[in-house]
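What follows is a single structure, written as structure tokens, with notes after it.
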Amino acid sequence: MLLRNQPMEEVLVQILRAAWLAATLPIVIASVPIPNLSFLRRTLIGFAGRGKIMQSSSQKFTIPQRLFLHFYAVAFLWTTLLLVATWAYAYSMVPLVVEPFSYSTITSFLTGGSTIRTDSYKLRQGYVAWEAVFLLLLMEFHVLRRLFETIHVFDYSPSARMHVIGYLTGLFFYIAAPLSLCGDCAVEVFNFVANLVTEFIVKGKNQMQVTELEIFQVLNPLFRLGWKHWIGAAVFLWGWIHQYHCHKILGSLRHSTQAEEYVIPQGDWFEIVSSPHYLSEIVIYASFVVATGGSNLTIWLLFAFVVANLSFAAVETHKWYRQKFEDYPRNRFAIIPFLL
């Protein structure tokens, strides 16, 4: 009855938040160094292990690691769909005012606020929709690069495996993460698209109202979001560039060594941590928190899952490196410099 009385948008947001909490808590609990939790820890390591770690463990219920491609193919298609639909909704249903400072104050600007008036529900939803477009654009750049890397940068060993639970978790993540970035307007976007489809079926193509796209109006609202969004974009680019460099380093190791030989990665953030590609992923998702001014709880919980999941995996990778190589640099941390 409670769910029935709540707007569907609130229900979706609550489901996403509950899902991130449910996914994060077992990882946090398993990370506590208590002997009674060792079984949970071993179980999660078995689920999360892949590549070098999975090769030395049981291969039961595992699949080739090259199926990582599925994650980013699904993520690219899903994020593109959400981006196009949300952008169309933002442009057609909640257009923003043109004058850049008509409805703003100096205080709002200096605190990272938008120059968009939010004194009505419709304009407030316009701001939410355009912010979602901004975040989905960043996510689109991220997953598109990851898809490219999976095809052209990485050369997965035939023996590299991952657990099927880890595979399903990855698919869940790349469906739920983009949805979390636009969760506050996702239901309205769905209704907007559904109405367009219904109108097309009833009226036919020739009777549909033609909307003329003006490039200025399509892009202008994005540039008029608050400066916090552009700081977030700068943080995103910082992590994005470093992750690409670190992935190129990892990919080059497979081409420069024998198929089953491992060497110590060198260069970029590998000089300070064992899993800089995970660290840069954390930076990328931190940028979403920055871009929303830390005001979106759903994105905070998404970020918490990313930190917990990647930190857990990085600690195991760090242990593997130190056991594998006697000359492994002792000054390297697992994932977060000077902390972990």
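In plain terms, the two heavy atoms of A177 and M139 that are nearest each other are CB-CE, 4.0 Å. When all heavy atoms of Y278 and L310 are compared, the closest pair comes out as O-CD1, 3.6 Å. Annotation for A132 and C182: closest pair CB-CB, 3.7 Å, computed over non-hydrogen atoms. Contact record, F134 with L225: CB-CD1, 3.8 Å, taken as the closest heavy-atom pair.
For the pair F305 and V28, the minimum side-chain heavy-atom distance is 4.5 Å or more. Looking at N309 and T24, their side chains never come closer than 4.5 Å, going by heavy atoms from C-beta outward. Counting heavy atoms from C-beta on, the side chains of L21 and L301 come closer than 4.5 Å. Side chains of E316 and K319 form a contact here, defined as non-hydrogen atoms less than 4.5 Å apart. With contacts defined as side-chain heavy-atom distances shorter than 4.5 Å, the pair K228/V290 does not qualify. Two residues are said to be in side-chain contact when any heavy atoms from C-beta on lie closer than 4.5 Å; Y91 and V133 fail this criterion. When side chains are defined from C-beta on, D268 does not count as touching P276, because their heavy atoms never get closer than 4.5 Å. D327 has its side chain within reach of I264: a pair of non-hydrogen atoms, C-beta onward, lies under 4.5 Å apart.
For V84, the side-chain contact (heavy atoms from CB on, under 4.5 Å) criterion is met by T80, not counting sequence neighbours. Checked against side-chain contact (heavy atoms from CB on, under 4.5 Å), L81 has the following partners two or more places apart in sequence or in another chain: W78. Partners of T169 by side-chain hydrogen bond (donor to acceptor under 3.5 Å, both in side chains), not counting sequence neighbours: none found. Listed by chain and number, the residues in a ring pair (Phe, Tyr, Trp, His ring centres under 6.0 Å) with F223 are W230 (sequence neighbours excluded). Legend: residues meeting ring pair (Phe, Tyr, Trp, His ring centres under 6.0 Å) with F190, ordered by chain and number and at least two apart, are absent. With sequence neighbours left out, the side-chain contact (heavy atoms from CB on, under 4.5 Å) criterion links V307 to I282, F303, S311. Applying the salt bridge (charged side-chain N to carboxylate O under 4.0 Å, His left out) test to R145 and every residue at least two apart in sequence or in another chain returns E149. In terms of the salt bridge (charged side-chain N to carboxylate O under 4.0 Å, His left out) criterion, K248 has no residue partners (sequence neighbours excluded). Partners of S274 by side-chain contact (heavy atoms from CB on, under 4.5 Å), not counting sequence neighbours, listed by chain and number: H318, Y321, Y328, R332. Residues passing the side-chain hydrogen bond (donor to acceptor under 3.5 Å, both in side chains) test with H277: none are found, sequence neighbours excluded.
In terms of modelled atom types and a separation under 3.5 Å, the side chain of S295 and the main chain of T292 share a donor-acceptor contact. Remark: the backbone N or O of L136 is not paired with any side-chain donor or acceptor of E140 at under 3.5 angstrom. Counting only distance, with no hydrogens or angles, the side chain of S92 and the backbone of Y89 share no donor-acceptor pair below 3.5 Å. With hydrogens and angles disregarded, no donor-acceptor distance shorter than 3.5 Å links the side chain of W238 to the backbone of V283. Here the side chain of T86 pairs no donor or acceptor atom with the backbone of L83 at under 3.5 angstrom.
Screening S280, C246, P337 for a side-chain contact (heavy atoms from CB on, under 4.5 Å) involving V273 leaves a single residue, P337.
Two different hydrophobic clusters hold M8 and V128 under the rule that ILVMFWY side chains link at heavy-atom gaps under 4.5 Å. Under a hydrophobic-cluster definition in which Ile, Leu, Val, Met, Phe, Trp and Tyr are linked whenever side-chain heavy atoms come within less than 4.5 Å, directly or via other members, V13 and V289 are assigned to different clusters. Note: the hydrophobic cluster containing L25 does not contain F312 (ILVMFWY, side chain heavy atoms under 4.5 Å, direct or indirect links).
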Donor-acceptor contacts, no H, no angles, side chain residues 66-75, under 3.5 Å, sequence neighbours left out:
| residue | atom | partner | partner atom | Å |
| --- | --- | --- | --- | --- |
| H70 | ND1 | Y167 | OH | 2.6 |
| Y72 | OH | R146 | NH2 | 2.7 |

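Listed by first then second residue, pairs satisfying side-chain hydrogen bond (donor to acceptor under 3.5 Å, both in side chains) with a partner in residues 175-185 read W20-S180, D184-N296, not counting sequence neighbours.
The aromatic rings of W240 and Y244 lie parallel to each other, their planes meeting at an angle below 30°, with 60° marking the opposite boundary.
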Practice task
Take N331 and I272 through the test side chain to side chain contact (heavy atoms under 4.5 Å, CB included) and record every step on the way to the result.
Solution key: CA-CA 7 Å; N331 63 331; I272 53 176; over 6 Å; no
